[in-house]
Trainee: 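Here it is: the structure, laid out below.
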Amino acid sequence: MNSSKNFPITTGFFAMPLGLGALSLSWLNAEKIYIYAQQIGNAIGLVSIILWATLIGCYIYRAIFYFEQIKAEFLHPVQCSLFSLVTMTTMITGDILYLWDISLGQPLIFLGVIVHLIFLILVIGRLWNGTQFLPDTLHPVHYLPPIAACFTMASSFGLIGLNDIGSLFFGIGILSWLAHEPIMLQRMRLSPLFPIARPSLGIVLAPSFVGSAAYLVIGGEVDLFVKMLWGYGFVQLCFVLRNFNWIIENGFSMSFWAFSFGLAAMARGAVEIYKFEPLSMLGFGAFIFANLGISLLILFSLRLLINKRTE
């Protein structure tokens, strides 16, 4: 209806409650790291749920009054993947509510899973026909639908005790990652991302850390597999830090919340690593680093909001 104007709150904003919700889950399991971890986790979880509910309301409003923009987003070979943020955030909100023993938690998990599967098959599956996907449209956000979201589904099912079903989605995530990773890395080596898209490189941290966290939730232990994923994740983190000046060339924007999910998953896995005596210091250091990273995202976001209001 209002196709001539852009609604200011986009689907990408769901990265905020996604990162905060995942961080809340890490704190809710971090009682061995800090005595008040439960209280901190509850506070972060409350903020993430309020943000999720607000953004869901905005998304419904967009769907009604800005339908053409929503339609264009689903038809776009890159932007279509952003809907995964909506379903993942719904699942993580369900996780938090489930841990709070609120009956709405489990239905939200199943709702997020069902909606994402429909989206994955109907929208992402459409890209197989080769009519609209070009090499230059290959983008880090394509990690979200088949990889990050499937790991999130695995974690959610593991949380409610359905480890066998969670293992199915974990397998989808791992094999999709193995298929996407070499293509994505080669694309970034051969054709640099535009400055506005560079913050999305934060997503490359997610598969290894989210995958290892999912593996631990569905019954895995801190074994060779988890150590391998963490090693690869840290190498990716070093590459990102090495190129950070290039990534932030256009200054801070809300797109940098792409880093939050990987950092939050690092914190979640770090809790289990901390319990594993030979790697306790690694787990503690990773937990602190991840929380500092997300704290900086919050501070810079608040500063960006204040600057826009004073302009």
Side-chain angles (χ1 to χ4, degrees), residues 18-19 22 25-26 81 83-85 87-88 91-92 95 109 112-114 116-121 123-125 127-128 138-188 200-237 239-240 258-273 276 279 286 290:
L18 178 65
L25 293 172
S26 69
S81 295
F83 183 74
S84 302
L85 298 172
T87 55
M88 285 192 290
M91 285 181 257
I92 286 179
D95 292 349
I109 290 172
V113 169
I114 292 168
H116 188 80
L117 287 175
I118 294 171
F119 160 72
L120 190 65
I121 293 168
V123 178
I124 303 303
L127 299 178
W128 275 28
L138 193 60
H139 194 281
V141 299
H142 290 121
Y143 279 114
L144 295 176
I147 305 170
C150 286
F151 286 149
T152 303
M153 288 190 273
S155 295
S156 294
F157 278 123
L159 183 68
I160 62 178
L162 300 176
N163 289 350
D164 290 333
I165 297 177
S167 297
L168 300 177
F169 289 104
F170 179 76
I172 295 171
I174 283 290
L175 294 175
S176 297
W177 182 28
L178 293 176
H180 279 69
E181 187 82 350
I183 301 170
M184 189 68 65
L185 294 179
Q186 189 68 354
R187 181 261 188 267
M188 290 189 291
S200 66
L201 285 171
I203 297 173
V204 303
L205 300 180
S208 51
F209 291 117
V210 179
S212 61
Y215 176 75
L216 292 168
V217 174
I218 61 175
E221 300 178 353
V222 183
D223 52 19
L224 176 62
F225 183 65
V226 169
K227 296 171 191 174
M228 288 169 57
L229 290 179
W230 266 59
Y232 186 74
F234 278 123
V235 167
Q236 296 292 78
L237 176 61
F239 289 158
V240 168
F259 284 87
S260 67
F261 194 37
L263 289 172
M266 180 195 296
R268 193 172 184 184
V271 173
E272 300 302 320
I273 298 287
F276 186 70
L279 297 175

Trainee: Distance check, rounded to the nearest 0.5 Å: Ile203 atom CD1 versus Ser260 atom OG?
Mentor: 9.5 Å
Trainee: Which atoms form the tightest heavy-atom contact between Val217 and Ser155, and what is the distance?
Mentor: CG1-O, 3.3 Å
Trainee: Taking all non-hydrogen atoms of both residues, which atom of Ile218 and which atom of Ala154 are closest, and how far apart?
Mentor: CG2-O, 3.3 Å
Trainee: Under the criterion side chain to side chain contact (heavy atoms under 4.5 Å, CB included), I'd like the reasoning laid out for His142 against Arg187: C-alpha separation, chi angles, the key distance, then a yes or no.
Mentor: CA-CA 12 Å; His142 290 121; Arg187 181 261 188 267; over 6 Å; no
Trainee: Can you name the side-chain hydrogen bond (donor to acceptor under 3.5 Å, both in side chains) partners of Thr152, sequence neighbours left out?
Mentor: none
Trainee: First locate atom CE of Met88, then atom CG of Asp95, and finally report the distance between them rounded to the nearest 0.5 Å.
Mentor: 12.5 Å
Trainee: Indicate the atoms forming the closest heavy-atom contact of Ile172 with Cys150, along with that distance.
Mentor: CG2-SG, 3.4 Å
Trainee: Show, in sequence, the C-alpha distance, side-chain angles and deciding distance for Met91 and Leu159, and conclude whether the side chain to side chain contact (heavy atoms under 4.5 Å, CB included) test is met.
Mentor: CA-CA 11 Å; Met91 285 181 257; Leu159 183 68; over 6 Å; no
Trainee: On the 0 to 90° scale, with breaks at 30° and 60°, tag the His180-Tyr143 ring pair as parallel, tilted or perpendicular.
Mentor: tilted
Trainee: Looking only at atom types and distance, does a side-chain atom of Asp223 sit under 3.5 Å from a main-chain N or O of Val226, one as donor and one as acceptor?
Mentor: yes
Trainee: Quick check against the 3.5 Å criterion: does His116 have a side-chain atom that pairs as donor or acceptor with the backbone of Val113?
Mentor: no
Trainee: Quick check: closest heavy atoms across Phe261 and Ala206, and the distance to 0.1 Å?
Mentor: CD2-CB, 4.5 Å
Trainee: List for me each residue that meets side chain to side chain contact (heavy atoms under 4.5 Å, CB included) alongside Val235, sequence neighbours excluded, and say none if there are none.
Mentor: Phe239
Trainee: Ser212: what forms a side-chain hydrogen bond (donor to acceptor under 3.5 Å, both in side chains) with it, not counting sequence neighbours?
Mentor: Trp230
Trainee: Indicate the atoms forming the closest heavy-atom contact of Met266 with Ala286, along with that distance.
Mentor: SD-O, 3.7 Å
Trainee: Kindly compute the distance separating CZ (Phe83) from CG (Leu144), expressed to the nearest 0.5 Å.
Mentor: 12.5 Å
Trainee: Using the test ring pair (Phe, Tyr, Trp, His ring centres under 6.0 Å), find all partners of Tyr232 that sit at least two apart in sequence or belong to another chain.
Mentor: Trp177
Trainee: To the nearest 0.5 Å, what is the distance between CG (Leu229) and CZ (Phe209)?
Mentor: 9.5 Å
Trainee: Looking at CD1 of Ile92 and CD1 of Ile109, how far apart are the two atoms once the value is rounded to the nearest 0.5 Å?
Mentor: 10.0 Å
Trainee: The criterion is salt bridge (charged side-chain N to carboxylate O under 4.0 Å, His left out); which residues satisfy it with Glu272, sequence neighbours excluded?
Mentor: Lys275
Trainee: Can you list everything that forms a ring pair (Phe, Tyr, Trp, His ring centres under 6.0 Å) with Phe169? Sequence neighbours excluded, please.
Mentor: Phe157
Trainee: Looking at CZ of Phe225 and CG of Leu216, how far apart are the two atoms once the value is rounded to the nearest 0.5 Å?
Mentor: 10.0 Å
Trainee: Can you name the closest pair of heavy atoms from Ser208 and Gly233 and give their distance?
Mentor: OG-CA, 3.0 Å
